[in-house]
Amino acid sequence: MARHHGAFGDDAFGRFAEKTARFFGTPQYIVGQTIVVAAWIALNVVGGIHHWDPAPFIALNLIFSTQAAYAAPLILLAQTRQAERDKEHGELIDTKHTALEQASDERTRQIVELLNSNTTLTQQDKELTEQVAELTREIHALLTQQTNR
């Protein structure tokens, strides 16, 4: 399969985007993020601890916004790369199917040609058999006439 070049190619950034997009969809990421958020909120709500991000958790929202600002393009890049691979794979399958269809059509044409040849030979065989039968009757009739004389 052909390799991509440029923004959607097989470069380090593209591979990083795909790995990151895959990671965002894992249960480990969701559980890990939930634990971090719960700890963040707990540490900023519990008394007696310095609250670096008091409610309404502006820093946490900023972190989520930044994460989303980077995650969305990385996921889109990964999807675009996958779509390109899927397109190439589909084109390869279409090419193979076309070649198979052409080979099948050629085989069918050859079979039809052989069947037509067989039909012609069968017809010729029938005609020759009829001619031999007619000649045999004529010879038999001539021999019968000569014997009767």
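Positions are given from 1 along the sequence.
Judged by distance alone, the side chain of Asn118 and the main-chain N or O of Leu114 form no donor-acceptor pair under 3.5 Å. A distance-only check finds a donor-acceptor pair linking the side chain of Thr129 to the backbone of Asp125 [under 3.5 Å]. Judged by distance alone, the side chain of Asn148 and the main-chain N or O of Thr144 form a donor-acceptor pair under 3.5 Å.
Residue Arg109 qualifies as enclosed at atom CZ: its count of foreign heavy atoms under 6.0 Å is above 12. The 12-atom threshold is exceeded at CZ of Phe64, counting heavy atoms of other residues, nucleotides or ligands nearer than 6.0 Å.
Linking Ile, Leu, Val, Met, Phe, Trp and Tyr whenever their side-chain heavy atoms come within less than 4.5 Å puts Leu60 and Val45 in one cluster.
The structure places NE2 of His97 at 13.0 Å from CD of Gln102, a figure rounded to the nearest 0.5 Å. A distance of 11.0 Å separates CD of Glu91 from CD1 of Ile93, quoted to the nearest 0.5 Å. Interatomic distance, CZ of Phe13 versus CG of Leu74, reported as 5.0 Å (0.5 Å rounding). Here Thr66 contributes atom OG1 and Leu62 contributes atom CG; the two are 4.5 Å apart, rounded to the nearest 0.5 Å. The line from CG of Asn116 to CD1 of Ile111 is 12.0 Å long, rounded to the nearest 0.5 Å. Rounding to the nearest 0.5 angstrom, the gap separating the CG atom in Leu43 from the NE2 atom in His51 is 8.5 Å.
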One pair to check against side chain to side chain contact (heavy atoms under 4.5 Å, CB included): Glu130 and Glu134. What are the steps and the verdict?
CA-CA 6 Å; Glu130 289 172 354; Glu134 180 60 31; over 6 Å; no

Give the C-alpha distance, both sets of side-chain angles, the deciding distance and a yes or no for side chain to side chain contact (heavy atoms under 4.5 Å, CB included) between Gln123 and Thr119.
CA-CA 6 Å; Gln123 184 63 36; Thr119 301; 5.6 Å; no

Check the pair Val36, Gln33 against side chain to side chain contact (heavy atoms under 4.5 Å, CB included), reporting the backbone distance first and the verdict last.
CA-CA 5 Å; Val36 168; Gln33 183 174 4; 5.7 Å; no

Begin from the C-alpha positions of His140 and Leu143 and carry the test side chain to side chain contact (heavy atoms under 4.5 Å, CB included) through to its verdict.
CA-CA 5 Å; His140 185 67; Leu143 288 175; 5.6 Å; no

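Ionic pairing of Lys87 and Glu84 is not present here: no N-O contact between side-chain nitrogen and carboxylate oxygen is shorter than 4.0 angstrom. Here Glu18 pairs with Arg85 in a salt bridge; the nearest charged N to carboxylate O distance falls below 4.0 Å.
Across Asn44 and Asp53, no two heavy atoms sit closer than the pair OD1-N, 2.7 Å. Contact between Ile63 and Trp40 at its shortest, heavy atoms only, is CD1-CH2, 3.6 Å. Residues Ala17 and Leu77 approach most closely at CB-CD2, 3.6 Å, considering heavy atoms.
Phe57 has its side chain out of reach of Val37: every pair of non-hydrogen atoms, C-beta onward, lies at least 4.5 Å apart.
Glu106 and Gln110 share a side-chain donor-acceptor pair at under 3.5 Å.
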